[in-house]
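Inspection log for the structure reproduced underneath, given as structure tokens.
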Amino acid sequence: QSAKQEVADRPVPLVSVVGDQLKVSQEAQRVLQTTQGKIVVVCVAGPYRTGKSYLLNRLLGRQNGFELGGSTQACTKGIWMWGKPVRRALPNKEIVNYVFLDTEGLGSIDATQTHDLKIFSLSVLLSSFFVFNNKETIDEKALQDLEMVCNISKHVRVHAEESTSEQELADYFPSFLWVVRDFFLQPTDKNGNSITATQYLEEALQPAAGQNARTADKNRIRSCLKACFKERDCVTLVRPVEKEAQLQTLGDLEYQVCRPEFRTAMDALTARIYSAARPKTLNGSSLTGPALLELLHCYVQAMNTGAVPTISTAWEYVVSSQGTAAVEKAMHHFEGRLTSEVA
């Protein structure tokens with residue numbers, strides 16, 4: 001038992017990229033197959049080298065866990081999962097399994113746009129709580145990084161036979177939390193009045209004035225984000241340490257060494273994610289680990305064959321697979337009882 005637990009209590013690859021194909025790892029399949037009960041799927045995504053893995057380690061209450069890097073190379077490839085779901089109570093006291101996903105950073109040196117889109121799409125489709133992590137400010141570049149959301153609406157459908165609007169997709173999209181790291185500004189509105197982080201996000205999503213193509217493109221992204229993520233919010237975190245050299249080895253520094261205002265905000269963020277994140281559902285039904293795995297297989301198969309992932313088709317596949325598994329389990333139980341009675 002201890003050996004099994006030791007193996008699980010670390011990151012395991014969920015989806016790796018082999019050539020142009022996505023592959024679900026055997027190890028992750030074993031973890032999800034044995035994760036019964038409702039699951040909350042928390043995914044952290046964003047540009048590479050912005051501290052996604054460090055944030056996940058803090059959510060897990062760990063000094064080390066998901067790999068950190070101090071260079072300009074993206075550390076995380078594909079999608080990784082913490083191998084031991086965290087069993088914890090929701091605010092309503094119901095015990096659920098929290099599954100944490102770490103995604104490959106957007107825009108890494110060796111990634112293509114198609115590759116980024118596949119990873120980002122899977123992350124959004126699988127999660128029930130989606131954290132977008134970036135540094136310093138919500139500016140035009142940060143919005144450009146989220147253009148992927150607009151592209152998802154072109155490459156994912158709710159129903160196979162018809163195109164899907166952003167409003168339709170919104171019913172299947174997770175809650176969205178924008179975490180701005182190393183934030184050094186006091187958020188203000190256009191009149192210079194202090195505003196909250198939530199108001200800061202909403203201000204950033206307001207259409208910008210101007211008629212040129214570049215402005216129109218950014219406004220399209222703003223509109224898309226508002227349409228796709230109906231539940232959205234923002235949190236800002238100050239820089240964790242003062243010295244640049246310490247940032248390069250942040251994973252090796254004791255948490256207590258970090259600035260008090262950073263720790264206060266990070267602890268509040270951790271508590272907030274655990275309380276605000278909800279179980280993953282599809283068509284009103286809560287998913288278990290095996291159901292999430294079936295969903296993942298369906299999406300990956302579609303992407304690998306060049307087809308458009310279709311949410312309704314994936315749901316039918318999950319229901320069918322889960323139904324077959326339930327029948328097989330019942331038959332096995334029945335045969336076991338029959339054998340014992342005959343004996």
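Below, each value reflects all heavy atoms present in this structure, side chains not excepted, and no hydrogens, waters or symmetry copies.
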Going by heavy atoms in the side chains, are Ile311 and Asn283 under 4.5 Å from each other? no
Nearest atoms (heavy-atom pairs only) where Leu295 meets Val318: N-CG2, 3.6 Å
With sequence neighbours excluded, residues passing side chain to side chain donor-acceptor pair (under 3.5 Å) with Asn92: none
Residues passing the salt bridge (charged side-chain N to carboxylate O under 4.0 Å, His left out) test with Asp171, sequence neighbours excluded, are Lys230
Side chain of Ser320, backbone of Glu316: donor and acceptor closer than 3.5 Å? no
Return yes when atom NZ of Lys218 has more than 12 non-hydrogen atoms of other residues, nucleotides or ligands closer than 6.0 Å, and no otherwise. yes
Straight-line distance of Ile138 CD1 to Leu201 CG, nearest 0.5 Å: 5.0 Å
Return yes if some donor-acceptor pair links the side-chain N/O of Thr215 with the main-chain N/O of Gln211 below 3.5 Å, else return no. no
Worked verdict on Ser123 versus Ile79 for side-chain contact (heavy atoms from CB on, under 4.5 Å): CA-CA 8 Å; Ser123 305; Ile79 303 175; 3.8 Å; yes
Of all the heavy-atom pairs spanning Ser175 and Glu231, show the shortest one and how long it is. OG-OE1, 2.8 Å
Under the rule for ring pair (Phe, Tyr, Trp, His ring centres under 6.0 Å), what residues qualify as partners of Phe173, not counting sequence neighbours? Phe229
Sequence neighbours left out, what passes ring pair (Phe, Tyr, Trp, His ring centres under 6.0 Å) with Tyr200? Give chain and number order. Phe183
For a side-chain contact (heavy atoms from CB on, under 4.5 Å) check, start with the C-alpha distance between Phe120 and Val149, then their side-chain angles and the critical distance, and finish with the verdict. CA-CA 8 Å; Phe120 192 83; Val149 176; 3.7 Å; yes
Is there a side-chain contact (heavy atoms from CB on, under 4.5 Å) between Arg62 and Leu56 once you walk through the steps? CA-CA 9 Å; Arg62 301 178 65 96; Leu56 277 158; over 6 Å; no
Tell me, please, which residues at least two apart from Ala307 pass side-chain contact (heavy atoms from CB on, under 4.5 Å). Ala302, Thr305
Is any side-chain heavy atom of Phe129 closer than 4.5 Å to one of Cys43? no
Do Asn134 and Trp178 come within less than 4.5 Å of each other through their side chains, counting heavy atoms only? yes
Give me the ring orientation class for Phe132 and Phe176: parallel if the planes are under 30° apart, tilted from 30 to 60°, perpendicular past 60°. parallel
Residues forming a side chain to side chain donor-acceptor pair (under 3.5 Å) with Gln167, sequence neighbours excluded: none
Set of side chain to side chain donor-acceptor pair (under 3.5 Å) partners for Glu203, sequence neighbours left out: none
Checking Arg222 side chain against Gln206 main chain: does a donor-acceptor pair fall under 3.5 Å? yes
Straight-line distance of Leu237 CG to Thr264 OG1, nearest 0.5 Å: 11.0 Å
If I compare all heavy atoms of Asp102 with all of Ser53, which pair ends up nearest, and what's the gap? OD2-OG, 2.7 Å
How long is the straight-line distance from CG of Leu287 back to OG1 of Thr35, given to the nearest 0.5 Å? 12.5 Å
Do the side chain of Asn97 and the main chain of Gln36 share a donor and acceptor less than 3.5 angstrom apart? yes
If you compare all heavy atoms of Asp182 against all heavy atoms of Lys135, which two are closest, and at what distance to 0.1 Å? OD2-CE, 3.6 Å
Does Val44 offer a backbone N or O that forms a donor-acceptor pair with the side chain of Thr103 under 3.5 Å? yes
Qualifying ring-ring contact (aromatic ring centres under 6.0 Å, His included) pairs, either residue in residues 276-298, two or more places apart: none
Within the distance-only criterion (no hydrogens, no angle test), does the side chain of Thr236 pair as donor or acceptor with the backbone N or O of Cys234 below 3.5 angstrom? no
Taking only residues two or more places apart in sequence or in another chain, which ones pass side chain to side chain donor-acceptor pair (under 3.5 Å) with Ser312? none
With no hydrogens and no angle check, is any side-chain donor or acceptor of Ser128 less than 3.5 Å from a backbone partner on Val41? yes
Heavy atoms, side chains only, cut-off 4.5 Å: are Gln256 and Arg263 in contact? yes
Flag, side chain of Arg58 to backbone of Thr270, donor-acceptor distance under 3.5 Å: no
Salt bridge (Lys or Arg N to Asp or Glu O under 4.0 Å) partners of residues 265-280, not counting sequence neighbours, each pair once: Asp233-Arg272
For Leu60, does its backbone N or O pair with a side-chain atom of Asn57 as donor and acceptor, under 3.5 Å? no
Is the closest basic N to carboxylate O distance between Lys141 and Glu136 below 4.0 Å? no
Less than 6.0 Å separating the ring centroids of Tyr317 and Tyr299? no
Check the pair Arg232, Glu202 against side-chain contact (heavy atoms from CB on, under 4.5 Å), reporting the backbone distance first and the verdict last. CA-CA 9 Å; Arg232 57 183 182 271; Glu202 294 307 315; 2.9 Å; yes
Enumerate, atom names and distances included, each donor-acceptor pair closer than 3.5 Å involving a side-chain atom of residues 12-22, sequence neighbours excluded.
from  : atom 1 : to     : atom 2 : distance (Å)
Gln21 : NE2    : Asn304 : O      : 3.1

Does atom CD (Glu254) have a neighbourhood of more than 12 heavy atoms from anything else shown, all under 6.0 Å? no
Looking at every heavy atom in both Val96 and Pro279, which two are closest together, and how far apart are they? CG1-CG, 4.4 Å
Does CD in Gln301 sit with more than 12 non-hydrogen atoms of other residues, nucleotides or ligands closer than 6.0 Å? no
With a 3.5 Å distance limit and no angle check, can you tell me whether Asn219 reaches the backbone of Ala208 through a side-chain donor-acceptor pair? yes
Rounded to the nearest 0.5 angstrom, the OG1-CG distance for Thr288 and Leu292 is 8.5 Å
Kindly write out the residues that satisfy ring pair (Phe, Tyr, Trp, His ring centres under 6.0 Å) with Tyr98, not counting sequence neighbours, or none if the list is empty. Tyr274
When rounded to the nearest 0.5 angstrom, what distance separates CG in Leu32 from CD1 in Ile39? 6.5 Å
Can you see which heavy atom on Trp315 is nearest to which on Ser285, and at what distance? CH2-CB, 3.6 Å
Is the shortest side-chain N to carboxylate O distance from Glu147 to Arg220 below 4.0 Å? yes
What's the separation between atom SG in Cys258 and atom CE in Met266, rounded to the nearest 0.5 Å? 8.0 Å
